[in-house]
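The structure presented is a predicted model; accordingly, all values stated were derived computationally and were not measured. First the proteins, then the strands, lettered A, B, ... as listed; each starts at 1.
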Protein chains: 2
Amino acid sequence: MKLTTKGRYAVTAMLDLSLNSDNGPVSLLEISDRQSISLSYLEQLFSKLRRQGLVKSMRGPGGGYSLSRAPEEIAISSIIMAVDENLDVTNCGNATSGCNEDNKRCLTHNLWMDLSNRIQSFLDDISLQDMMDKSDVIEVAARQNSKQKGTRINLPDSL
Amino acid sequence: MKLTTKGRYAVTAMLDLSLNSDNGPVSLLEISDRQSISLSYLEQLFSKLRRQGLVKSMRGPGGGYSLSRAPEEIAISSIIMAVDENLDVTNCGNATSGCNEDNKRCLTHNLWMDLSNRIQSFLDDISLQDMMDKSDVIEVAARQNSKQKGTRINLPDSL
DNA sequence: GAATACCCGATTAATATAGTCAAGTATTAC
DNA sequence: GTAATACTTGACTATATTAATCGGGTATTC
């Protein structure tokens, strides 16, 4: 489990998507505008999110992305892991052989794996819905929405 | 709160230090050998750890580093934060002004700060001692120790 | 005073992050 | 069916961070 800006971007984008998905699919261009994340970077992120089954894509005019399941069902951890492909946080490449065996250095491997697992299970318990429910989210989103033309709730970046 | 390999190195080194501090100060050279972390990189890390008051240094022959307080009193979070100087995980530079105000994008700022805080308080509750107490740590350390000449318990890297 | 080991700054190499560019393909609307 | 929309993909580039290296220090012990 890594916590990087990349993961933050992904969580931000997914939150934006979730908050704005009342009127059908959301295009990456919209998210790019609202969150000030470059379109191409979003494309990279959503390519991974789609392959991990977190979002569905619809092509053509009016197309875009939508959540593939309810926000209650999407854990923050799954978003972060989807874009942080590099899953092995260990130096030994998570090698099950030659690591615990033959005197290879593996003590902190276990330690870190354990810590990593605990952080992950912590993030497993926080869903997209949980984050949407936070009062300050609703406040800020509403305030920003009132200042804009569209009917959709807007989600700022700075994630 | 960021989780990077840098922080992992620091936690590894601190664990090694903690496990081997029975016979006085531990030199970085020892840690370097046991953990396969370059000496100069350790110097960089311990420079920060020392400035943050987590370790004490003693110069001269027989010198080295020692924990500045009991391992029960050292939270994993404090180690990671000591070496990850870059504390603001927000894009707006954690600006208290101009962020919540004037339509600057700051919703996910709050969200991420909250998430970051929750992760941090989670890591606040895990001490160096907690990690030392783990059974697999003791097992591996003992096994490795039995295969080496020195009397000290050895801690492998791959953190 | 020689050996040890911390201390510090500058430099470099490797990797990851973030963004760009360009050429696609599928779908919708007309 | 054609044009516009919008996703899809891959290659490429710039920047930042990470990790390591080097070369000189200073303090301390023996």
Side-chain angles (χ1 to χ4, degrees), chain A residues 2-13 17 24-33 35-52 54-66 68 80 83-89 91 93 157-159, chain B residues 2-13 17 20-21 23-33 35-52 54-66 68 80 82-89 91 93 157-159:
Chain A
K2 260 194 316 185
L3 292 181
T4 65
T5 53
K6 195 177 199 171
R8 287 211 304 274
Y9 276 123
V11 173
T12 305
L17 173 56
V26 181
S27 75
L28 293 187
L29 193 56
E30 292 177 56
I31 299 178
S32 174
D33 285 343
Q35 304 306 327
S36 302
I37 303 172
S38 89
L39 179 59
S40 301
Y41 198 44
L42 280 174
E43 284 170 348
Q44 289 178 37
L45 296 177
F46 273 80
S47 171
K48 291 179 180 174
L49 291 170
R50 189 180 59 83
R51 266 175 282 177
Q52 295 297 321
L54 294 175
V55 296
K56 286 178 299 189
S57 66
M58 296 181 61
R59 293 182 167 194
Y65 287 92
S66 56
S68 60
I80 293 174
V83 297
D84 265 336
E85 62 290 326
N86 180 13
L87 287 179
D88 63 334
V89 287
N91 284 358
D157 64 36
S158 81
L159 199 267
Chain B
K2 262 194 316 186
L3 291 181
T4 67
T5 53
K6 193 178 199 171
R8 287 211 304 276
Y9 275 123
V11 173
T12 305
L17 174 56
N20 293 288
S21 55
N23 315 357
V26 181
S27 74
L28 294 187
L29 192 58
E30 292 177 55
I31 300 179
S32 174
D33 285 344
Q35 306 305 329
S36 302
I37 304 172
S38 87
L39 178 59
S40 301
Y41 197 44
L42 280 175
E43 284 174 347
Q44 289 176 38
L45 296 177
F46 274 80
S47 170
K48 291 178 181 174
L49 293 170
R50 188 179 57 84
R51 267 174 281 179
Q52 296 296 319
L54 294 175
V55 296
K56 285 179 300 188
S57 65
M58 295 182 61
R59 294 183 165 191
Y65 286 93
S66 56
S68 60
I80 294 174
V83 297
D84 265 336
E85 62 290 323
N86 180 13
L87 288 179
D88 63 334
V89 285
N91 284 359
D157 65 35
S158 81
L159 199 259

- [ ] Figure out the CG/C1' separation between Leu49(B) and dC6(C), and round it to whole Å.
- [x] 14 Å
Task: Reported CZ-to-OG distance for the pair Arg50(B) and Ser57(B), which is rounded to 0.5 angstrom - done: 5.0 Å
Open item on the list: Taking only side-chain N and O atoms of Ser47(B), does any of them lie within less than 4.0 angstrom of OP1 or OP2 on dC6(C)?
Closed with: no
Task: Touch class at under 4.0 angstrom, heavy-atom based, for Leu39(A) against every strand present - done: nothing
Task: Closest approach of Ala82(B) to Lys48(B) (non-hydrogen atoms, all atoms of both residues) - done: O-CB, 3.6 Å
- [ ] Determine whether any donor atom in the side chain of Glu43(A) lies under 3.5 Å from an acceptor atom in the base of dC7(D), or the reverse, and answer yes or no.
- [x] no
- [ ] Check every strand shown and say whether Leu29(B) touches a base, only sugar-phosphate, or nothing at a heavy-atom separation below 4.0 Å.
- [x] nothing
Open item on the list: Nearest whole Å is fine: how far is dT17(D) C1' from Arg8(B) CZ?
Closed with: 14 Å
Open item on the list: Below 30° counts as parallel, above 60° as perpendicular, anything between as tilted: where do the rings of Tyr65(A) and Phe46(A) land?
Closed with: tilted
TODO: Calculate the interatomic distance between Met58(A) atom CE and dT28(C) atom C1'; express it in whole Å.
DONE: 10 Å
Task: Side-chain donor-acceptor pair present, Arg51(A), Ser47(A), cut-off under 3.5 Å - done: yes
Task: Closest-nucleotide ordering on DNA chain D, the 5'-leading residue of Pro61(A) and Arg50(A) - done: Pro61(A)
Task: Distance test, side-chain N/O of Arg59(A) to OP1/OP2 of dG24(C), below 4.0 Å - done: no
Open item on the list: Side chain of Ser38(A), heavy atoms from C-beta onward: which of dT28(D), dT5(D), dT20(C) has the nearest atom to it?
Closed with: dT20(C)
- [ ] Can you figure out which of dC21(C), dG19(C), dT18(D) approaches the side chain of Ser40(A) most closely?
- [x] dC21(C)
TODO: Classify the nucleic acid contact of Tyr65(B) as base, sugar-phosphate or nothing, counting any heavy atom under 4.0 Å across all strands shown.
DONE: sugar-phosphate
Open item on the list: Please compare Gln44(A) and Gly62(A) by the position of their nearest nucleotide in DNA chain D and report the one closer to 5'.
Closed with: Gly62(A)
Open item on the list: I need the OH-C1' distance between Tyr9(B) and dT15(C), as an integer number of Å.
Closed with: 12 Å
Open item on the list: Is Arg51(B) close enough to dC8(C) that one of its side-chain N or O atoms is under 4.0 Å from OP1 or OP2 there?
Closed with: no
- [ ] Whole angstrom is fine here: how far is it from NZ in Lys48(A) over to C1' in dT9(D)?
- [x] 13 Å
